[in-house]
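These notes are about the structure you will find just below.
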Amino acid sequence: MIKSFLIFILLILVSCGESKPPPNPEVFEIKNIGELATSEYTVGKIVKLDDSDAAWYKPGDRKILINCKAKIKAGIDLNQIKNSDIIINGRTIEITIPAAKVISFTMDSKYSYTAMESVSGLRDSFTQEEKNDFLRQGEKAIKKELKNTKILDEATKNAEMFIENFYKRMGYEEVIVNKTIPE
């Protein structure tokens, strides 16, 4: 009799345990957004070349200044979020987002141009191929100097605000956004 009573009490306790409903599938929809660009910078660089000493056998000077501009967009790739990166606890949702990265880098030819070109004496003018090489040097310099900008920090901060608003609109009271540390 006591054994039956204990089994009955145990069944009641197990059936009264708090069961969590499965999470709303809409919380995972954020992954379908894909790449989210949250910051955009326009960066300029001037490439200067004075190769007057390069051709000692030809008298004269040859100098050029090329103005390069690039549009850079940074953000996060929401496709990288795994279901396990989203944790729901009642009215609180916690999400771990990937590190911010440069999403697009565009050097627009209408903003990149020869600002000054000076050729004198017996020197030849700069060829279009040489000018294109200087533009590539400008592009490399801009990419190298991106580390000194705050574009990735700004992109992360803006992505956090977007995600927080996204989930608050779904009715979550507290949204915790964790960042993946960049490699």
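- Closest of all the heavy-atom pairs between Q80 and P98 is OE1-CB, 3.1 Å.
- Taking every heavy atom of both residues into account, A74 and L152 meet most closely at CB-CD2, 4.0 Å.
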For this session: Begin with the C-alpha distance, continue with both residues' side-chain angles, and end with the deciding distance and a verdict on side-chain contact (heavy atoms from CB on, under 4.5 Å) for D153 and K157.
Result: CA-CA 6 Å; D153 294 335; K157 184 173 66 173; over 6 Å; no
Return all side-chain donor-acceptor pairs below 3.5 angstrom for residues 161-171, not counting sequence neighbours, or 'none' if the list is empty.
from : atom 1 : to   : atom 2 : distance (Å)
N165 : ND2    : M161 : O      : 3.3
Y167 : OH     : V27  : O      : 2.5

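- By the 4.5 Å heavy-atom criterion applied to side chains, Y111 and N67 are not counted as neighbours.
- Using a 4.5 Å heavy-atom threshold, the side chains of K63 and M116 count as touching.
- The two residues T180 and A99 make their nearest non-hydrogen contact at O-CB, 3.6 Å.
- Both I33 and F28 are assigned to one and the same hydrophobic cluster, defined by single-linkage of ILVMFWY side chains at heavy-atom distances under 4.5 Å.
- Remark: side-chain polar atoms of D85 are paired, donor with acceptor, to backbone N or O of K82 under 3.5 angstrom.
- Under a hydrophobic clustering in which Ile, Leu, Val, Met, Phe, Trp and Tyr are joined whenever their side-chain heavy atoms come within less than 4.5 Å, directly or via other members, L78 and I93 fall into the same cluster.
- I66 and L49 fall within the same hydrophobic cluster, defined by Ile, Leu, Val, Met, Phe, Trp and Tyr side-chain heavy atoms under 4.5 Å apart, directly or through other members.
- In terms of hydrophobic clustering, with Ile, Leu, Val, Met, Phe, Trp and Tyr side chains grouped at heavy-atom distances under 4.5 Å, I103 and Y41 are assigned to different clusters.
- Note that the CG atom of N32 and the CG atom of N79 stand 7.5 Å from one another [nearest 0.5 Å].
- In this structure, SG in C68 is found 9.0 Å from CD1 in I46, a value given to the nearest 0.5 Å.
- Once rounded to the nearest 0.5 Å, the distance linking OG1 of T106 with CD of E40 reads 9.0 Å.
- Y113 is not connected to I64 by any chain of hydrophobic side-chain contacts under 4.5 Å among Ile, Leu, Val, Met, Phe, Trp and Tyr, and they are in different clusters.
- Counting non-hydrogen atoms of neighbouring residues, nucleotides and ligands closer than 6.0 angstrom, the CD atom of Q128 exceeds 12 such neighbours.
- Ion pairing between E117 and R62 fails under the 4.0 Å rule for side-chain N and carboxylate O.
- The local environment of NZ in K31 is crowded, with over 12 non-hydrogen atoms from other residues, nucleotides or ligands closer than 6.0 Å.
- One finds the OG atom of S112 at 13.0 Å from the NZ atom of K131 (value rounded to the nearest 0.5 Å).
- Geometrically, K71 does not engage F105 in a cation-pi contact, judged by NZ or CZ lying under 6.0 Å from the ring centre and within 45° of the ring axis.
- Atom-to-atom distance recorded for L36:CG and K73:NZ is 11.5 Å, nearest 0.5 angstrom.
- In this structure, I76 and T38 have side chains that are not in contact, with every pair of non-hydrogen atoms separated by 4.5 Å or more.
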Exercise. side-chain contact (heavy atoms from CB on, under 4.5 Å) between I97 and V177: does it pass, once the steps are laid out?
Worked result: CA-CA 7 Å; I97 60 173; V177 180; 3.8 Å; yes
Exercise. After noting the C-alpha distance and the side-chain angles of I142 and I72, does the key distance pass the side-chain contact (heavy atoms from CB on, under 4.5 Å) rule?
Worked result: CA-CA 10 Å; I142 290 171; I72 303 142; 4.1 Å; yes
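- Taken to the nearest 0.5 Å, the CD1 atom of I176 stands 9.0 Å off from the CD1 atom of I87.
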For this session: Given side-chain contact (heavy atoms from CB on, under 4.5 Å), test I81 with I86 step by step and report yes or no.
Result: CA-CA 8 Å; I81 296 174; I86 301 173; 4.1 Å; yes
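- Under a 4.0 Å N-O distance rule, the pair E139/K45 does not qualify as a salt bridge.
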